[in-house]
Amino acid sequence: MREVKDFHGDFPLLANTMNGKPLVYLDNGATTQKPESVIQAMCGYYGGCNANPHRGAYALSVQATDIYENARVRTQKFINAPKPSEIIFTKNATESLNLIAYSYGLTNVKAGDEIVITIAEHHSNLVPWQQVAQAKGAVLKYIYLEDDGNLSQQDIEEKITEKTKIVAVTQVSNVLGLVNPVTEIAKKAHSVGAIIVVDGSQSVPHMAVDVQAMDADFFAFSGHKLLSPMGIGVLYGKEKLLDAMPPFLTGGDMIEYVTEQHTDFAELPAKFEAGTQNVGGAAGLTAAIDYLENFTFERIESIEKELLDYALPQLRELPYIELYGCDTRKDNKTGIITFNVKDVHPHDVSTILDTEGVAVRAGHHCAQPLMKYLQQNATCRASFYLYNTKKDIDCWIAALKKVRTVMHL
Amino acid sequence: MNLESIYTELIAEQSRNTANKHHLVAPTVTSQGHNPSCGDEITLELEIADGKIKDASFTGVGCAISQASTSMMIDLIKGESVEKAKHLAELFIGMIKREITDDEALEELDEAIALKNISNMPARVKCAVLSWHTLDSALKEK
């Protein structure tokens, strides 16, 4: 088995320095670095295979079509969707979730209906539902948290009712890093006749996902958080739901036949893929899935757990470090550590870490309602991936120890 | 980038200085400044009479740079005419944008010149100018 330091070399950017220090990249919750194989797949597409897919009757276009459709099949198998036509390519999870909200939500939600989401949602799985609720006169309800950061079991039981039409929940919170019981929530949603939308942005990169096993009606994620290029995202939807939905965007490539006053739309998946798509991104996504499957999620999970077990006890020893989402009573913590340095604003913390070459996120993490709920204006977040090492943790913690001194505290 | 040139003792002290952090009894203008990318927000309160800023204060949360910048700004504008305050805002924003670099021209900014080095940190520029932009929009209505 290759050591972590060996596959570090697969990621050219990780050899860079930041502010004159070796780069310690701990912002994987925001986006991940790309392996050479993904970069090559992108370059290979644009350097050798670029043409508009689905259109030209010439060999190059056929090749581009094959690359694009192969990415769909690879993605389908990757998350165990029943059919390739249930995989819609978008630009990111945000667009996937908006597609569901605007197409399914606006069509199926009526005045007085209820949409249930959790307080731990990223804005991308929150604002679209707020928009639908406002447009249709529906009620937006929240599942809040237990004292250990997990979703309130009581809220899951009580807030999802006969009035609920849509339940939208993230599989892993991008702030707390806790895995939510989506299979159980899906069961509850289905028992009242609601559909469930799962945001997989923070789960798909780190664990094996099976959309059929969890019985998700819709499942969304971004490619760039799992080693792929930015600008390629995925929406999985059950065929019978997607078939009944109106298109989200209309125009080229999503039609069957257009006359002056009428359009017949194409079948799935083309119905939801208007205009020229991100074929280079799809080629990159295929290479990323190859990389991850070769690596195995078992290995990824064990690396991230080891880093977590290495970092947490050290952080707990520092009296000025406050941790969020790190006291779960379940065995469901992923490699995301959200923290604050007492008396120091997170942006000052991240600036100080930056000068030591350590990249962490600071701010509200696109989860302002959760921040408000946690009574924090902002926090810092370190998030791990398969290429992070104990040495990265050492650099991060050493830099943290300097923060209060720099701030003259 | 040199941390000591950013987090100077003056800025660290000013960031924790609460002398200007309170509500006014009778503000004539209240203006909110907000940094959507980080969620920081300040509310600026001004008591303006006869074209003069009789009193000023702020409330809100933010990083050391934005808090220090706000505190120093209030020290500077208190007792000054609205026109002078507008001029100072122009000067400060110009300094951070590196449009005004002449030290002599910047002298009027007094202690706030300590934030000049922020212009070397693109990620933090918005923290330094938050309060000044808030002031600028508050005075525009006047």
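All values derive from a computational prediction rather than experimental measurement. Protein chains get the first letters and strands the later ones, always in sequence-line order, with residue 1 at the start of each.
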*In terms of heavy-atom proximity below 4.5 Å to chain A, should B/N35 be classed as side chain, backbone, both, or neither?*
neither
_Tell me whether the count of non-hydrogen atoms from other residues, nucleotides or ligands lying under 6.0 Å of NE2 in B/H87 goes above 12._
yes
*Listed by residue number, which members of residues 357-368 of chain A have a heavy atom under 4.5 Å from any heavy atom of chain B?*
A/G363, A/H364, A/Q368
*Reported OH-to-OG1 distance for the pair B/Y7 and A/T355, which is rounded to 0.5 angstrom*: 9.0 Å
*Separation of B/R16 CZ from A/L409 CG (nearest 0.5 Å)*: 4.0 Å
*Should the heavy atoms of other residues, nucleotides or ligands under 6.0 Å from CD of A/E317 be counted, would the total exceed 12?*
no
*asked:* Is it the case that atom CD in B/E90 sees more than 12 heavy atoms from other parts of the structure closer than 6.0 Å?
replied: no
*asked:* Donor-acceptor pair, distance only, cut-off 3.5 Å: does the side chain of B/R124 make one with the backbone of A/H347?
replied: yes
_Reported CG-to-CG distance for the pair A/N377 and B/D40, which is rounded to 0.5 angstrom_ = 5.5 Å
*asked:* Could you report the tightest heavy-atom contact between A/H408 and B/E9, atom names first, then the distance?
replied: NE2-N, 3.5 Å
*Measure the CG-CG distance between A/D354 and B/L3 for me, rounded to the nearest 0.5 Å.*
8.5 Å
Name each donor-acceptor pair under 3.5 Å that joins a side chain in residues 51-61 of chain B to protein atoms two or more places apart or in another chain, with its distance.
residue, atom, partner, partner atom, Å
B/S57, OG, B/H22, O, 2.7

*When you look at CG of B/D50, are more than 12 heavy atoms from neighbouring residues, nucleotides or ligands closer to it than 6.0 Å?*
no
*Identify which part of B/S66 has an atom lying under 4.5 Å from any heavy atom of chain A, answering side chain, backbone, both or neither.*
neither
*Taking all heavy atoms of A/D348 and all of B/A64, pick out the closest pair and write down the distance.*
OD2-N, 2.5 Å
